Student: 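If you scroll down you'll find the structure; I have some questions about it.
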Amino acid sequence: MNCTKCKTKAVIDLPRHNAAFCTPCFTTYVHEQVAYAIKHQRMFGPDDRILVAVSGGKDSLALWDILLKRGYKADALYVDLGIPGYSAKSRAKVERFADTVARPHGATLQIHTVQEEEGAGIKELSNLVHRPTCATCGTIKRYQFNKAAVEQEYDVMATGHNLDDEASRLLGNVLHWQDEYLDKQSPILPASVEGFAKKVKPLYRLSERELAAYALLNKIDYIVEECPMAKGSKMLLYKEVLNRLETESPGTKHRFYWGFLEKQTQAQPAATSMAEKDQALLHPCKTCGQPTTGEICSYCKMMARARLSSSSARPTS
Ligand code: Q46
Ligand code: ZN
């Protein structure tokens, strides 16, 4: 198998593009896909400050790597969830990448430790508020990433969601006809109201397999295990189903997701209609000031419930 571009020995084949690449041509392909996503979706410009949400996994570290190598000003934020046997390992991967790759580019890493800031690790917190761990985690991560981006005046926040993540999320939203989520499923969410950071997903054109190969070929040391809390999640099931379809019919995932994006653009020509909807619905949380649809945002409600539960659990003397 030879490289489609330069005809030397190929290291990876991409059936969905009917192509195969050697290491340098594959790296170029990955960078070109990201460059296309950034330009086509108007994600950010060369002078914008970007805050990358990193987890220690292949996607977010590959994203940080690509942005830095393409000359963007990209710092990162890692949220340490305090999951025994997992968080320490993923944090070490992020810190190592920051020291060896990011710092020479002048980029910085910030760490938010849930145990210190929210007063308990993610599992304990979810027990206190009687919510599933992943729902608690989602609320904290969304809140803290947005807060950091807004307070530190980053122009945009970038996450490592890839084609598999977006296609499986789309499948879930379609299976349950979640209209509201379908409206918002996009590689770019504008800063529709004050207090909301603009959010982008520059890897939406690249598959999980392609990103794993990019990380491997570019010697990015990432945590291979999934977060243990993801076990049994519906998203993993949807990914499995889509992988089956992809094997039988290469290109299924991108036709499904990119086709959806095309139809969405035709039906809703501008992000402005979404911004108008948000402006009508959102106002500042009475406790913290972040935009919310209710009086108090879900993060502040959750933290109030956690404080109440932990104080009522404390023995009285
Ligand atoms: S990190 Fe958090 Fe995921 Fe782990 S606890 Fe669940 S939501 S599975 S992206
Ligand atoms: Zn709040």
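As the structure is a prediction and not an experimental result, all values here were calculated from the model. Both counts, for ligands and for their atoms, begin at 1 and track the order of listing.
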Student: Does a donor on one side chain sit under 3.5 Å from an acceptor on the other, for Q41 and Y36?
Tutor: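 No.
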Student: Could you pull out, from A230, S233, S87, C227, the option with a heavy atom nearest to atom 4 (Fe) of ligand 1?
Tutor: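 Residue with the shortest heavy-atom distance to the ligand atom: C227.
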Student: Return the CD1 to OH distance between I50 and Y154, rounded to the nearest 0.5 Å.
Tutor: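 So the CD1 of I50 and the OH of Y154 are separated by 10.5 Å.
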Student: Would you say the side-chain atoms of H176 and Y181 include a donor-acceptor pair closer than 3.5 Å?
Tutor: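 Side-chain D/A pair, H176 to Y181: absent.
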Student: Taking the Zn ion (ligand 2) as the vertex, how big is the angle to SG in C300 and SG in C288, rounded to 10°?
Tutor: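 Seen from the Zn ion (ligand 2), SG and SG are separated by roughly 110°.
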Student: When you group the ILVMFWY residues by side-chain heavy-atom contacts below 4.5 Å and let the links chain together, are Y204 and M157 in the same group?
Tutor: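 As far as the 4.5 Å side-chain criterion goes, Y204 and M157 are not connected within one cluster.
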Student: With a cut-off of 4.0 Å, which atoms of ligand 1 are near a heavy atom of C134?
Tutor: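 So the answer, numbered in order with elements, is 5 (S), 6 (Fe), 7 (S), 8 (S).
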Student: To check your reading of the model: name the closest protein heavy atom to atom 2 (Fe) of ligand 1, its residue, and the distance in Å.
Tutor: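 That would be C137 SG, 2.3 Å.
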Student: Compute whether any side-chain donor of one residue and acceptor of the other, for K201 and N162, lie under 3.5 angstrom apart.
Tutor: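 Per modelled atom types, K201 and N162 side chains form no pair under 3.5 Å.
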Student: Mark up the atoms of ligand 1 that fall under 4.0 Å of a heavy atom belonging to K141, in ascending order.
Tutor: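 Here the atoms of ligand 1 in question are 1 (S), 2 (Fe), 9 (S).
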